[in-house]
2 protein chains.
Amino acid sequence: MTEKAVPDIVVGRLPVYLRILNYLIDEGRYITSSQELGDRLGISSAQIRKDLSHFGEFGKQGTGYDVMFLRDQLQKILHVDRRWSVVLVGAGDLGHALAHYRRFNDAGFDVVGVFDSDPQKIGQQFGKYMIQDVSTMGEVIQEHKVKMGIIAVPPAAATEVAKEMIKLGVVSILNYAPVTIMVPLGVRVQYIDPVVHLQHMAYYHNEEAL
Amino acid sequence: MTEKAVPDIVVGRLPVYLRILNYLIDEGRYITSSQELGDRLGISSAQIRKDLSHFGEFGKQGTGYDVMFLRDQLQKILHVDRRWSVVLVGAGDLGHALAHYRRFNDAGFDVVGVFDSDPQKIGQQFGKYMIQDVSTMGEVIQEHKVKMGIIAVPPAAATEVAKEMIKLGVVSILNYAPVTIMVPLGVRVQYIDPVVHLQHMAYYHNEEAL
DNA sequence: TAGATTGTTAATCGATTAACAATC
DNA sequence: TAGATTGTTAATCGATTAACAATC
């Protein structure tokens, strides 16, 4: 009964495959191959076939993959063949950009509330959102059955915000604060820290490169 | 002469170690251990010791690591014991947030110019930056010896912007556009796509969780 | 000295790649 | 049929972990 779990690293590549498939559809393409997908992603065709094989058989020997069919299948696998409600905490510059990020909507993620703890900000209009007191987040989460949250607060506040989200039923957190968050089993956190990426790349710059 | 290269995945963890060390310093700590670092990061102490061992010996048996010393060493290893100039292309909401992101400055990354190709935006003030025509990016890059660039433009424009940056001498690109960029050897790209992270986490939500 | 923790080795674990039979 | 490409197996490659001698 317990099928062996798909490696998380494989799951993490599916959204990228999905992204390419959407571009191929935009380009009016109907058929593609693991070779083409790999070329456009800079990975091997074998890896793509292996990754997909964890979930079933989606192609035809000699032909390749039906772009739309594979797209639909990946959407189902990722559970993004529906819309998700998301709460956003942190109404700074970053929060502002995230609240208005079109691609969230395009991809089926709806920001249903923007929250902050700063009395100066609460009540202010934030584009189409009104900034709400983070202490009232529970109502919004309940109303929209929110399972996902985005944290865009200063590092010192992030842990507390995460704890509150989790208490209110959020199980997936996208964390922009530069701190590691400890979460109970069953809760997932993904991190985005641009500084980490810049520092990572700085490593490869030679001394003389100044 | 050719020492075996340090695995990229190890390099990618160093900035996170550095981040924790800075927090420990803020907390007034002088000594730490691989155990403590691992606990705070949710990884094993063995991994931390192994990672560091690629670069030298930084600790004392029985004692642990001198926090400041290790911080300084990691900064040197990552080449972030200096300041880096960075160009930013894309003056939308995201570009706005990035241009004003304090942590870039705190970490030693200076945005020395913000560019766009939209005539409506060029010449406008963007906080302390004036949005410049992307076609004049070369002068700024030369003047500041820029080696790093951040792309925050729509997907359709990203490849072209990257090509231009690379032509002008940029070798490290932080790409927020949801497209894979093919680059010549010696050039690095790091990707940030929040939608990928949300979709990745959506996978773990069960059907009944709606 | 006794206790603690490093740096390193060897074992384990997991991911990627190459190759090819199956088959469209 | 001939050509192409999948899905899968086995081999390779690489990363993580466990364990411990060294030593502060």
Side-chain angles (χ1 to χ4, degrees), chain A residues 2-17 20-21 24 29-74 77 180 196 200 203, chain B residues 2-17 20-21 24 29-74 77 180 196 200 203:
Chain A
T2 317
E3 307 160 29
K4 54 206 164 306
V6 176
D8 185 64
I9 197 164
V10 171
V11 176
R13 281 191 292 260
L14 300 186
V16 182
Y17 299 167
I20 294 233
L21 291 166
L24 288 172
R29 298 285 306 283
Y30 290 96
I31 297 291
T32 187
S33 66
S34 59
Q35 181 67 51
E36 180 179 47
L37 294 173
D39 286 350
R40 288 177 71 139
L41 258 62
I43 64 180
S44 77
S45 64
Q47 180 160 83
I48 288 176
R49 293 197 302 278
K50 186 102 222 291
D51 284 355
L52 295 178
S53 76
H54 286 98
F55 304 96
E57 308 190 356
F58 306 106
K60 269 206 187 66
Q61 279 107 323
T63 308
Y65 302 92
D66 181 297
V67 177
M68 291 225 202
F69 175 75
L70 185 55
R71 193 262 307 258
D72 291 347
Q73 292 302 307
L74 287 182
I77 291 165
T180 302
V196 165
H200 183 163
Y203 171 80
Chain B
T2 317
E3 306 159 29
K4 54 206 164 306
V6 176
D8 185 63
I9 196 164
V10 171
V11 176
R13 281 191 292 261
L14 299 187
V16 182
Y17 298 167
I20 294 232
L21 290 166
L24 288 172
R29 298 285 306 282
Y30 290 95
I31 298 290
T32 187
S33 65
S34 59
Q35 180 68 52
E36 181 179 45
L37 294 173
D39 287 350
R40 287 177 71 140
L41 257 63
I43 64 181
S44 76
S45 63
Q47 180 160 83
I48 288 176
R49 294 197 302 279
K50 186 103 220 291
D51 285 354
L52 295 179
S53 76
H54 285 100
F55 304 96
E57 307 190 356
F58 306 105
K60 270 203 187 68
Q61 280 106 325
T63 308
Y65 302 92
D66 181 298
V67 177
M68 292 225 200
F69 175 76
L70 185 54
R71 192 262 308 256
D72 291 347
Q73 292 301 307
L74 287 181
I77 291 166
T180 303
V196 165
H200 182 163
Y203 171 80

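Every chain is numbered from 1 and lettered A, B, ... according to where its sequence line falls, protein lines coming before strand lines. These numbers were taken from a predicted model, which means no experiment stands behind them.
- dT5(C) atom C1' lies 17 Å from atom CZ of Phe58(B), rounded to whole Å.
- Side chains of Ile43(B) and Leu37(B) form no contact here, defined as non-hydrogen atoms less than 4.5 Å apart.
- Both key distances under 3.5 Å define a Watson-Crick or G-U pair, and stretches of 3 or more such consecutive pairs in DNA chain D run C:3-24 with D:3-24.
- The NZ atom of Lys60(B) sits 15 Å away from the C1' atom of dA22(D) (whole-angstrom rounding).
- Following rounding to the nearest Å, Ile9(B) (CD1) and dC13(D) (P) show an atom-to-atom distance of 18 Å.
- Ser53(A) and Arg49(A) form no side-chain donor-acceptor contact under 3.5 Å, judged by distance and modelled atom types alone.
- Side-chain N/O atoms of Arg13(B) include one lying less than 4.0 angstrom from OP1 or OP2 on dT16(D).
- For the OP1/OP2 pair of dT6(C) and a distance below 4.0 Å, the side-chain nitrogens and oxygens of Ser34(B) include at least one atom meeting the criterion.
- Counting only heavy atoms from C-beta on, Arg49(B) has its side chain closest to dT6(C) among dT17(C), dT6(C), dT17(D).
- Ranked by how close their nearest DNA chain C nucleotide is to the 5' end, Ser45(B) and Gln61(A) are led by Ser45(B).
- Side-chain contact, Gln35(B) with Asp39(B): a donor N or O sits under 3.5 Å from an acceptor N or O.
- The minimum heavy-atom distance between Val6(B) and Phe55(B), with the atom names listed, is CG1-CZ, 3.5 Å.
- Here Tyr65(A) reaches the OP1 or OP2 of dG7(D): one of its side-chain N or O atoms lies under 4.0 Å away.
- Nearest approach of Ile77(A) to Tyr203(B), heavy atoms of both residues: O-CD1, 3.3 Å.
- When the C1' atom of dG7(C) is taken as reference, atom CZ of Phe55(B) falls 15 Å away, rounded to whole Å.
- Counting heavy atoms from C-beta outward, Thr32(A) and Ile20(A) have side chains that stay 4.5 Å or more apart.
- Place Lys50(B) and Ser33(B) on DNA chain C by their nearest nucleotides, and Ser33(B) ends up nearer the 5' end.
- Considering only the side chain of Ser44(A), dT17(C) comes nearest among dA15(C), dT17(D), dT17(C).
- Across the protein-nucleic acid pair, Phe69(A) atom CZ and dT6(D) atom P stand 14 Å apart, rounded to whole Å.
- Atoms CG (Leu52(B)) and C1' (dT16(D)) sit 15 Å apart, rounded to a whole Å.
- Put simply, CG on Asp8(A) is 14 Å from P on dT16(D), counting in whole angstrom units.
- For Glu57(A) and dT9(D), the CD to P distance is 11 Å, given to the nearest whole Å.
- Between Phe58(B) and Asp66(B), the closest side-chain pair of non-hydrogen atoms is not below 4.5 Å.
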